[in-house]
Amino acid sequence: MSNEYDVVVVGGGPAGYPCAIRAAQLGFKTACIDAWLNRDNTPAFGGTCLNAGCIPSKALLESSELYHRMQYEAAVHGIGAASVSLDVAKMQARKDAVSRQLTGGIKQLFAANKVTGLQGHGRLLGNGQVEFKSHDGQTEVLKAKHIIIATGSEPINLKIAPFDGARIVDSWGALDFTEVPKTLGVIGAGVIGVELGSVWNRLGARTVILEALPNFLPMVDQQVAKEALRHLTKQGLDIRLGAKVLSAKAGKKDVTVEYETGGEKKTETFDKLIVAVGRRPYTKNLGVETVGVALDERGFVKVDAHYKTNVPGVYAIGDVIGGAMLAHKGIEEGVALAEQLAGHHTQVNYNAVPSVVYTMPEIAWVGLSEEQAKAKGYEIKTGLGPFAANGRAKAMEQGAGSIKVIADAKSDRILGVHMVGPYVSELLAEAVLALEFAATCEDLALTMHSHPTLSENFHEAVLLVDGRAVHAVNKPKK
Ligand code: FAD
Ligand code: NAD
């Protein structure tokens with residue numbers, strides 16, 4: 001087979017593999033090189049998301065939620081579940097099987113769309129050439145008109161708390177615990193910290209999350225974030241804000257963490273410690289220096305609005321270019337780039353990127369928070385719809401949480417929707433659509449929602465913005 005391609009994508013995660021598929025659909029001869037190896041040395045497409053991120057974490061979140069709810073919520077429904085047992089090995093095997101099914105699916109999609117999937121390492125050589133080295137050491141040089149860097153990111157390894165793979169672990173290590181630690185420390189109350197902290201807390205680990213910042217989830221509307229923090233704390237997660245970790249030392253049996261809070265130094269000992277302080281771009285051994293691809297001061301590949309790097313014919317997408325490090329943002333960039341290469345005008349709307357934290361209740365948001373809207377100079381109006389007043393949530397015994405709508409007081413346009421509550425990850429899509437279509441509160445108020453559904457609470461929150469809700473108490477008009 002000829003080694004000449006129209007498009008070679010380096011990286012087969014959520015940014016790279018959809019880009020390759022869409023490029024092939026648009027008639028480009030396309031190859032996708034991916035280096036991922038799982039713990040058992042099996043290669044798998046899908047990158048961090050499918051192998052060690054979104055999917056395995058959601059599988060464990062689902063299992064641990066079921067375990068928790070059977071123990072603590074079944075009784076109120078009149079269901080006795082006194083002797084609920086836990087088989088961590090089986091839970092982990094299910095998680096791995098879910099990932100395997102999905103990563104196997106990518107191979108099928110490549111075959112169906114005529115993408116050449118190459119499993120091994122890719123390195124840019126310059127002059128439109130990419131070296132591919134397979135896992136068994138065979139090398140070949142591919143030529144391509146368009147080379148796309150989609151090599152993703154890796155966890156930040158703190159010097160003060162270096163990963164040792166046993167006591168001090170990154171998110172991948174935390175997804176693979178073979179037993180429930182008695183005590184678990186987590187550095188960072190970001191998305192990974194609260195999701196993986198939740199998993200092991202629900203399964204029985206006494207979990208302490210140490211967060212340097214004074215506010216919980218500062219990117220979320222603080223009224224909503226504070227409500228979320230209350231619910232998570234009630235579940236037993238010990239989230240300590242304003243607690244900056246200074247050092248962590250692993251011993252044979254445990255790990256001792258020193259942190260500073262309120263001007264005082266404190267220590268605490270845990271069986272395991274998860275370090276979840278963010279991720280950084282991954283460009284190791286990619287040849288960016290050889291080819292002269294410009295990186296910014298934090299190591300992200302610099303691109304223009306069309307994902308072009310400074311080197312003609314070389315593009316970059318996904319986590320490696322920064323912005324929100326989210327799978328769906330990478331997918332959209334991959335598809336947009338493939339379509340742009342084919343002459344289409346596809347663009348990604350970075351003002352409507354949805355975010356979700358898959359805790360219990362879930363936290364989900366799109367667009368501006370009240371704080372962000374005010375900082376941008378908007379005169380705003382808001383509505384806060386509590387799930388406690390929602391019939392479906394009541395029937396589900398899931399009345400915790402609320403939906404907040406932030407709108408421009410002058411134009412009535414919805415600027416942001418921030419939520420905490422049951423399955424709000426699914427409700428968020430309507431809010432994203434509202435932002436995408438520049439909908440006003442009036443547009444949403446006139447949109448019928450089926451009864452009884454959780455989605456009615458979004459409708460209710462919109463009605464509350466203008467004090468015309470029927471099922472909740474409206475704020476008195478000033
Ligand atoms: P990656 O998924 O990192 O893929 C890059 C691929 O490139 C990898 O397979 C890598 O092996 C390969 N590669 C690197 N260098 C080379 C090379 N030189 N040659 C060949 N291949 C190479 N996001 C969400 O939207 N929702 C979630 O619920 C969510 N949960 C997460 C949970 C965890 C625990 C973590 C860690 C992340 C989570 N994320 C989530 C973030 C999400 O995983 C990333 O944003 C997403 O995977 C980024 O996609 P990407 O394609 O840019 O990079
Ligand atoms: P993050 O940036 O979300 O959070 C890291 C936290 O660590 C910050 O709040 C920071 O203040 C804190 N921190 C840093 N140093 C500290 C110290 N010395 N002591 C105490 N706290 C400290 O990063 P993350 O949680 O590692 O997640 C990485 C990326 O993965 C995120 O960009 C996220 O978007 C993505 N992700 C997304 C999902 C999802 O969409 N559900 C799930 C997991 C991960």
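Whatever order the structure lists ligands and atoms in, that order sets their numbers, starting from 1.
- Taking only nitrogen or oxygen atoms, main chain and side chain alike, L158 does not reach within less than 3.5 Å of ligand 2.
- Judged by distance alone, the side chains of Q340 and Q347 never bring a donor and an acceptor atom under 3.5 Å apart.
- Residue, atom and distance of the protein heavy atom nearest to atom 8 (C) of ligand 2 are E211 OE1, 3.5 Å.
- Any N or O atom pair closer than 3.5 Å counts here, and G278 shares at least one such pair with ligand 2.
- A cation-pi geometry, defined here as NZ or CZ lying under 6.0 Å from the six-membered ring centre and within 45° of its normal, holds between K29 and Y5.
- Here atom 28 (C) of ligand 2 lies nearest to R279 when heavy atoms of H328, K58, R279, K244 are compared.
- Among protein heavy atoms, atom 5 (C) of ligand 2 sits closest to A276 O, 3.4 Å.
- More than 12 heavy atoms of other residues, nucleotides or ligands lie within 6.0 Å of NZ in K143, so this atom counts as buried by the packing criterion.
- Side-chain contact between V314 and I149 is present, with heavy atoms from C-beta onward closer than 4.5 Å.
- Backbone and side-chain nitrogen or oxygen atoms of V357 are examined, and none is located within less than 3.5 angstrom of a nitrogen or oxygen of ligand 2.
- Side-chain contact check for E195 and T359: no donor-acceptor pair (N or O, by modelled atom type) lies under 3.5 Å.
- In the model, E131 has no side-chain atom that pairs as donor or acceptor with a side-chain atom of T139 under 3.5 Å.
- Of the possible polar contacts, none joining the W36 side chain to the G13 backbone as a donor-acceptor pair under 3.5 Å is found.
- Looking only at atom types and distance, the side chain of S153 has a donor-acceptor partner in the side chain of D319 under 3.5 Å away.
- Here the heavy atom of the protein found nearest to atom 21 (N) of ligand 2 is A212 N, 3.1 Å.
- Contact annotation: for Y358 versus ligand 2, heavy atoms closer than 4.0 Å belong to the side chain alone.
- Residue contacts with ligand 2 for A243 involve N, CA, C or O but no side-chain atom from C-beta outward (heavy atoms, distance under 4.0 Å).
- Residue-to-ligand polar distances place I192 within reach of ligand 2: an N/O pair is separated by less than 3.5 Å.
- Closest protein heavy atom to atom 15 (N) of ligand 2: V277 CG1, 3.5 Å.
- Side chain to side chain, E140 and N3 meet the donor-acceptor criterion of an N or O pair below 3.5 Å.
- Between K329 and E333 a salt bridge is recorded (basic side-chain N to carboxylate O distance below 4.0 Å).
- Between the side chains of Q138 and K133, no donor N or O sits under 3.5 Å from an acceptor N or O.
- If you look at ligand 1, the protein residues with a non-hydrogen atom under 4.0 Å away are V10, G11, G12, G13, P14, A15, I33, D34, A35, W36, G47, T48, C49, A52, G53, C54, S57, K58, G120, H121, G122, A150, T151, G152, S153, S171, I192, R279, Y282, L286, G318, D319, M325, L326, A327, H328, Y358.
- Of the listed options L246, I187, V191, V191 places a heavy atom closest to atom 3 (O) of ligand 2.
- To the nearest 0.5 Å, atoms CG (L427) and CD1 (I403) are separated by 5.0 Å.
- Taking every non-hydrogen atom of L213 and a distance limit under 4.0 Å, the qualifying atoms of ligand 2 come out as 11 (O).
- A distance-only check finds no donor-acceptor pair linking the side chain of N113 to the backbone of I21 [under 3.5 Å].
- Summary of contacts: the protein heavy atom closest to atom 18 (N) of ligand 2 is V245 O, 3.4 Å.
- Nearest protein neighbour of atom 1 (P) of ligand 2, counting heavy atoms only, is G190 CA, 4.1 Å.
- Close approach to L326 involves these atoms of ligand 2, each under 4.0 Å from a residue heavy atom: 34 (O), 37 (C), 40 (O).
- The shortest contact between atom 34 (O) of ligand 2 and any protein heavy atom is with M325 O, 3.2 Å.
- Applying the 6.0 Å contact sphere to CD of E430 captures more than 12 heavy atoms from other residues, nucleotides or ligands.
- The pair R39-D176 meets the salt-bridge criterion, with a side-chain N (NZ, NE, NH1 or NH2) lying under 4.0 Å from an Asp/Glu carboxylate O.
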Handout entry: Verdict with supporting geometry, Q119 and S134, side chain to side chain donor-acceptor pair (under 3.5 Å)
Key = CA-CA 6 Å; Q119 293 183 298; S134 68; over 6 Å; no
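- Remark: ligand 2 atoms within the under-4.0 Å shell around heavy atoms of L210 are 20 (C), 21 (N).
- Residue contacts with ligand 2, taken as heavy atom pairs separated by less than 4.0 Å, involve V356 solely via the backbone atoms N, CA, C and O.
- The protein heavy-atom contact nearest to atom 7 (O) of ligand 2 is G188 CA, 3.3 Å.
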